[in-house]
Amino acid sequence: MDKLVIEGGKPLSGSIVIQGAKNAALPILAASLLAEGTTTIDHVPKLLDIEVMLNILRELGCRAEHNGNTVVIDTDTAHTSRVPESLMGQMRSSIFLMGPLLARFGEAQVYQPGGCAIGERKIDLHLQGLEALGAEIEEAGNRIICRAGKLFGADIHLAFPSVGATENIMMAAVLAEGRTTISNAAREPEIQDLQRFLNAMGAKIIGAGTDTITIEGVQSLTPCRYKVIPDRIVAGTIMVAAAATRGQVTLQNTNPAHLTSLIHVLRRAGVQIAVDGDIIKVGSAARAKSVERIVTAPYPAFPTDLQSQVMVLLTLADGVSIMKETIFESRLKHVDELSRMGADIRVDMNAAIIRGVPRLYGATVEATDLRAGAALVIAGLAAQGKTVVEQIHHIDRGYDRIDSMLTRLGARITRQSPVPNNLTN
Ligand code: EPZ
């Protein structure tokens, strides 16, 4: 498995263009199934998760090409509603296919996507929403079969503002007969992007970005061309890396309005942030200040996907900070790895008490999930000495060549691939 080798201690500097949002592109690619014909999506980054989604669409009979950052999908030849178990297991987001498959074919066969390093990741809210629209759900072992002769609009209340459940229900409801309302809906920017994409195909949806989304069912949708929003989590990751290495970095192609909570936290930590249109400038020449209390919560609160990255900055801040993870039940696995680099962090239930230390020391550490892996890269950039980050396939799921990104900002980072056995003897 590839590794990243990082020589720490060098401030990042320069400018970088931020990639398209993985968590917007994935549901939008699934939603392309809702229209017969050729849909083109721009600003889609080259990521493992995107490749898995395209492979699933190909397995369903679509033709899909990813050239540069543009994906072209022809769904005319889609002929099955059964997602292969092997592909389901590679990526949880394949659960997004239930809604579009049900809407297009009246049936969807998927598999329990399973938990992962950050938590159980149930899908009960997805299934309850689809049942409310008239689907019959049959669970046989880990296989889930949804059937619906026709879908009918319904009033759905989510017990928790689940991002994926909100998206799945939206995609199933657009072709249902009648009106659907989703209350206590997730409000993330990626939900708003999905609404814009579906409406560009002829859907009638309002309210994304608020806690109530209303969908008027239509007879059919037509393919379109669409550009995905910038990735706020990749942008946030680079911003934290700039701050943690006391560098000066300019980010282009961002949407600062999607990063309000992070900008607020970084400014409280003493980081200079300047915003101008889609450009964010980050600078930090001094040691960060501790931030008394950061709690992850659904958008627009502080995002769980930036929790591990900001924790790295706080391990080097003056004073004691507290971070509380409320979205996923086990998303603090990076604490052990950071402690091996000299961080002083104590975990109490779902809270981390972080006491700043003068410096971190390079070590060999292991990425346990996508964002924890990104956090370990930031720690390696800020640490004294050499850090080796292993299991970096997790990072490649969400960052388009993170080593190239950071090299452009002056980082001393290289990707090491294992030498094939037949070449070692
Ligand atoms: C999306 O996951 C993102 N993934 C995650 O980003 C992100 O962390 C998460 O939203 C929260 O913002 C994509 O968009 C592809 P949820 P999702 O449904 O939809 C519980 C990354 O690093 N829940 O909002 O799976 C669930 O267990 C990834 O890019 C149920 O109980 O998140 C979790 O504790 C990681 N039942 C909480 O809700 C359900 O039916 C949030 O889950 C669904 C969810």
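In listed order, ligands and their atoms are each counted from 1.
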Before giving the answer on side chain to side chain contact (heavy atoms under 4.5 Å, CB included), spell out for Asp74 and Thr39 the whole-Å C-alpha distance, their side-chain angles and the decisive distance to 0.1 Å. CA-CA 6 Å; Asp74 178 353; Thr39 291; over 6 Å; no
Put together the list of close N/O pairs, under 3.5 Å, between ligand 1 and the protein, could you?
from, atom 1, to, atom 2, distance (Å)
ligand 1, 2 (O), Arg121, NH2, 3.4
ligand 1, 6 (O), Asn23, ND2, 3.3
ligand 1, 6 (O), Asp305, OD2, 3.0
ligand 1, 8 (O), Asp305, OD1, 2.6
ligand 1, 8 (O), Asp305, OD2, 3.4
ligand 1, 18 (O), Ser162, OG, 2.7
ligand 1, 19 (O), Gly164, N, 2.8
ligand 1, 22 (O), Arg331, NH2, 3.4
ligand 1, 22 (O), Arg371, NE, 2.9
ligand 1, 24 (O), Val163, N, 2.9
ligand 1, 25 (O), Arg121, NH2, 3.0
ligand 1, 29 (O), Lys22, NZ, 3.1
ligand 1, 29 (O), Asn23, ND2, 3.0
ligand 1, 29 (O), Arg371, NH2, 2.8
ligand 1, 34 (O), Ile327, O, 2.6
ligand 1, 36 (N), Lys122, O, 3.4
ligand 1, 36 (N), Asp124, OD1, 2.6
ligand 1, 40 (O), Lys122, O, 3.4
ligand 1, 40 (O), Asp124, N, 3.1
ligand 1, 40 (O), Asp124, OD1, 3.2
ligand 1, 40 (O), Leu125, N, 2.7

Regarding His334 and Gln307, is there a side-chain donor-to-acceptor distance under 3.5 Å anywhere? yes
Applying side-chain contact (heavy atoms from CB on, under 4.5 Å) to Glu136 and not counting sequence neighbours gives none
Contacts of Phe160 meeting side-chain contact (heavy atoms from CB on, under 4.5 Å) (sequence neighbours excluded), chain-then-number -> Leu125, Ser162, Pro298, Ile327
Side chain to side chain donor-acceptor pair (under 3.5 Å): pairs with one or both residues in residues 233-246, sequence neighbours excluded: Thr237-Gln309, Thr237-Tyr399
Pick from Thr38, Asp42, Thr40: which one makes a side-chain hydrogen bond (donor to acceptor under 3.5 Å, both in side chains) with Arg225? Asp42
